[in-house]
Amino acid sequence: MVFKLSPTLLTALAIAAPAVAQVPVTPPAPASTPIPLVQPQRPLPTLTAAQQRQLATLIANDEVAQGLSNKPRTDLDRLDAASLVRVALDHAIAVHSGRLMPSDFQRDWGIRPTAFDPLPGFADAVARDRLAAWVRSLPPPYQGYDTLVEGLGRYRRIAAAGGWPTLTVAPTYGSSGAAVARLRERLAIEDPELTGTGDRFDAALLEAVRRAQRRYGLNPAGQVGAQTLAALNVPVEQRVQQIMANLERWRWLPPTLDRRRVQVNIAAAVLTAFDGDRPIMSMRAVTGRPGNETPMLVSQISSIVINPPWNVPSSIATKELWPKERANPGYLKRNGFRVIETPDGGKRLQQASEQSALGRFKFDFPNDFAVYLHDTPARSGFSKFDRLASHGCVRLEKPEDLAKLLMATTPDWQPEAIDAAVAAGKTVRAKMAEPVSVYLLYWSAFAGADGQVGFREDPYGWDGKLAATVQRRSDAQALAAK
């Protein structure tokens, strides 16, 4: 049997994505760049009638389970074999690599899924009559993805049961009455540790409020203020859509994550270092404010600059520093800046390492966005729960600890040598014996091993943009299929 591949499948097989775990991320081609759709037609195995029925059921159920749709398709059992195969292969790509075309990616969504050809695995599954195992093999092989899929099922069950009540009154600890009963009912829907009945704001309810505040990235003080009410009043349907958007981003990751790696959750402003699946260090971070977004990307840290000067980006110099100098002459000199003539006759600013905004450590990794991880002398930002305040780079709460961890396998840069270099005050680039992968990722919904899902506010609005992009792509695909 010979059939014509669908546009989604053609594009996915025709375009080779970069090896994102090993090389600098390349920005996407402009939307106007034509996408090659030339692929030879390839014969596919013939489905038996039983396989056709099984495949229709598997795909319909898996689309919902993997967060590709909210309702199962009801037309699959009416498709002919060739059409059903097209649907199955498109489904495989969607689950494994996502639903976006290269032109759909924003520039600062700097991660691209690797090329994936589902045909060999599908043909083998048909030949060995293992279609169910093939479908199970398609999703990204990460525990974080699996736990979020489980979270999606849980929040859908909450939605099917009627969701949760809207809270209008913020009761206080020690109080009692209808507002307390409503708060308890609301929290118990997400929190299995809390009993959902009762009208007294006791110690158990106080701890449940604190757990909820931690899930939403709020100050876990136990006081039900405006931010806590707002987080609790987000409709469950919106939480479901938020989870679905994050599952889509999981599909953009490389097939395997490097064992030694550093991951930054941009939305939560947290850095975690891993050894395999085991987190071995975590710290607060400060990531880009809306308008100066920290990009998603994958790269490798190969060196650490100790006592780095700050070469000020021209945008920051123009918008912030030159105006301060004009308003208060001498500002630049007092703060350690020097003016450097550029070859084109312009000027740029560099801040000396003694007063550098980068602190004592700068973690370099190649990327197309000129961002990096770094120390900072401004420590107050780490005590805040809303830590999206940088120009796009990632400030670290404990940069020295991270430097010593990453240099653990570099004989010349053991802790004593790092301490001595910092104390000497001179700028030194310390090369790592073993580069460590770095992943800047945007998780506004994430699930732990205990099944609890944490949410953030989607500070950049990327969840909504992604959902809209997926919908446009789906609409265009449906139109092309007619």
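Numbers for residues simply follow the sequence, beginning at 1. Just so you know, these numbers use all the heavy atoms, side chains as well, and skip hydrogens, waters and symmetry mates.
- Taking the six-membered ring wherever Trp is involved, the centroid distance between the rings of Y460 and Y442 falls below 6.0 Å.
- Residues forming a side-chain contact (heavy atoms from CB on, under 4.5 Å) with E185 (at least two apart in sequence, or on another chain): P165.
- Ion pairing between K384 and D386 fails under the 4.0 Å rule for side-chain N and carboxylate O.
- Both tests hold for R239 against F455: distance to the six-membered ring centre under 6.0 Å, angle to the ring axis within 45°.
- Two residues are said to be in side-chain contact when any heavy atoms from C-beta on lie closer than 4.5 Å; L441 and W252 fail this criterion.
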Before giving the answer on salt bridge (charged side-chain N to carboxylate O under 4.0 Å, His left out), spell out for R261 and D258 the whole-Å C-alpha distance, their side-chain angles and the decisive distance to 0.1 Å.
CA-CA 6 Å; R261 65 187 185 275; D258 290 342; over 6 Å; no
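- Ion pair D90/R86 not flagged as a salt bridge, since none of the NZ, NE, NH1 or NH2 atoms sits closer than 4.0 Å to an Asp/Glu carboxylate oxygen.
- Using a 3.5 Å distance cut-off with no hydrogens or angles, the side chains of D463 and S444 do pair a donor with an acceptor.
- Counting heavy atoms from C-beta outward, Q52 and L84 have side chains that approach closer than 4.5 Å.
- Figure legend: R112 and F105 shown as a cation-pi pair, the cationic atom lying under 6.0 angstrom from the six-membered ring centre and within 45 degrees of its axis.
- Classification of the Y155-W164 ring pair by plane angle, with boundaries at 30° and 60°, yields perpendicular.
- Between L271 and L373, the closest side-chain pair of non-hydrogen atoms falls below 4.5 Å.
- Relative to the six-membered ring of F382, R395 misses at least one condition, a distance below 6.0 Å or an angle of at most 45° to the axis.
- Residue D75 places its CG atom among more than 12 non-hydrogen atoms of other residues, nucleotides or ligands, all under 6.0 Å distant.
- Between F116 and H96, the ring planes lie parallel to each other; the angle is under 30°, not in the 30° to 60° tilted range.
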For side-chain contact (heavy atoms from CB on, under 4.5 Å), just list the numbers for E63 and S69, CA-CA rounded to whole Å, side-chain angles, deciding distance to a tenth of an Å, and then say yes or no.
CA-CA 6 Å; E63 280 188 351; S69 63; 3.8 Å; yes
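- Here the side chains of M281 and T272 are not in contact, with every heavy-atom distance at 4.5 Å or above.
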